[in-house]
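The structure under discussion appears below in the form of structure tokens.
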Amino acid sequence: ESPTVGGRAQTRQRGSSSRRLADEMVDRRRLPAGVTPGLLSGASLEARLSAMQMELDLPEEIVRDLLSVGGTDIVVIADDSSSMNTVSDTTDYMRPLTRWGELRTTLAKLVHMLLVVDHSDGFALKFLNDPTWYQITSAAALDQVFQAKPAARGLTPLFANLQLIARGYAGGKNPESDTIVLILTDGQPSDAKMPQIQALLQGRAKSVYCTFVMCTEEDAVVEMYNKC
């Protein structure tokens, strides 16, 4: 059975970003052919599994699946539109957290996850309003990117960016393998209507698996992406 086109579009609840990201990234239906949890019998892997569970508070089943993503290119398309500067958490009223800050935290956790499971290639990061592809293989590399982007700015040209990966990620180290694409966004595209996004995803290459991770709790927006 083939995977769903877009997966579940989910809101990012405070305190559970890593869990939601992991849930989407390692859905068993999205793992490359031939990959099974049976590869995890070594004691060293079990030790890493236990450490990762404690560090990130992830369910054991999800961690075991994360240990099986080797040989797969991971691409993150991240929303850097102006709406990402919206405050999303005022728990610390002296330093309120924005959607942009949450995005950075989520990507930092993704870097950590991939390092724990020896996915040394990291992930390719593309912002909607930035033509550059960043290869993120360490926390330092991610910090450097965000130091140059202290705030989000621009529109939401999602359609144009999805076109770049719809046929596969040409810049990956594993061009013949599957590509997992995580799309983190908080609103509607500015360069297309949602039916156009849906049609583009339905026509994507069979080796490309896309999942939306929503950076908003607006039910109407989440529902639109659930229909993709």
Side-chain angles (χ1 to χ4, degrees), residues 1-12 17-39 58-59 61-79 103 106-107 109-111 113-114 117-128 133-137 158-185 189 192 194-215 222-228:
E1 180 182 359
S2 60
T4 56
V5 173
R8 294 171 295 161
Q10 298 221 352
T11 57
R12 298 231 325 277
S17 298
S18 61
R19 182 184 300 276
R20 289 186 180 277
L21 184 56
D23 282 343
E24 296 299 340
M25 187 175 76
V26 300
D27 188 316
R28 289 178 181 273
R29 294 172 301 168
R30 294 178 174 82
L31 292 175
V35 172
T36 66
L39 298 174
L58 294 175
E61 182 179 355
I62 291 175
V63 176
R64 287 183 178 275
D65 282 347
L66 268 172
L67 289 169
S68 304
V69 298
T72 299
D73 287 323
I74 299 174
V75 174
V76 174
I77 295 179
D79 192 340
L103 172 67
T106 298
L107 294 182
K109 289 180 178 180
L110 176 58
V111 170
M113 290 179 196
L114 295 180
V117 300
D118 287 338
H119 190 86
S120 59
D121 293 344
F123 60 90
L125 174 61
K126 171 73 171 64
F127 293 100
L128 296 184
W133 286 91
Y134 301 94
Q135 192 65 33
I136 306 300
T137 57
L158 182 59
F159 185 81
N161 282 272
L162 290 178
Q163 284 182 310
L164 300 176
I165 52 83
R167 307 312 303 169
Y169 176 49
K173 292 187 177 181
N174 307 288
E176 303 301 321
S177 71
D178 291 343
T179 301
I180 297 173
V181 183
L182 303 175
I183 305 130
L184 290 81
T185 185
M194 290 306 294
Q196 293 173 277
I197 299 292
Q198 183 177 17
L200 177 62
L201 292 177
Q202 288 177 339
R204 81 201 188 289
K206 293 182 178 180
S207 60
V208 176
Y209 305 113
C210 297
T211 291
F212 288 96
V213 181
M214 303 308 299
C215 304
V222 175
E223 182 59 28
M224 281 189 294
Y225 282 98
N226 269 328
K227 294 178 180 178
C228 283

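In what follows, residues are counted from 1 in the order of the sequence shown.
Summarising the geometry, atom CZ belonging to F159 is positioned 11.0 Å from atom CG belonging to L164; distances are rounded to the nearest 0.5 Å. Rounded to the nearest 0.5 Å, atoms CZ (F212) and CG (L184) are 10.5 Å apart. Taken from CG in L114 to NZ in K109, the straight-line distance is 14.5 Å, to the nearest 0.5 Å.
By the side-chain hydrogen bond (donor to acceptor under 3.5 Å, both in side chains) test, N161 pairs with K126, sequence neighbours left out. The side chain to side chain contact (heavy atoms under 4.5 Å, CB included) search around T137 returns Q135, not counting sequence neighbours. Remark: A199 pairs with no residue by the side chain to side chain contact (heavy atoms under 4.5 Å, CB included) rule, at least two apart or across chains. With sequence neighbours excluded, no residue forms a side-chain hydrogen bond (donor to acceptor under 3.5 Å, both in side chains) with T179. Applying the ring pair (Phe, Tyr, Trp, His ring centres under 6.0 Å) criterion to Y134, with sequence neighbours excluded, gives no partner residue.
Using a 4.5 Å heavy-atom cutoff, the side chains of Y225 and T185 are in contact. Side-chain contact between L103 and D79 is absent, with no heavy-atom pair separated by less than 4.5 Å. Looking at L110 and L182, their side chains come closer than 4.5 Å, going by heavy atoms from C-beta outward. Residues V76 and L107 form a side-chain contact, since some pair of their non-hydrogen atoms from C-beta on lies under 4.5 Å apart.
Contact between P189 and L158 at its shortest, heavy atoms only, is CB-CB, 3.8 Å. Nearest heavy atom pair, residue R167 against residue R204, reads NH1-C, 3.4 Å. Across all their heavy atoms, V208 and A166 have their closest contact at CG2-O, 4.1 Å. When all heavy atoms of I183 and C210 are compared, the closest pair comes out as CD1-CB, 3.9 Å. Minimum heavy-atom separation, I165 to V75: CG2-CG1, 4.2 Å.
Between the side chain of Y209 and the main chain of K206, a donor-acceptor pair closer than 3.5 Å is present.
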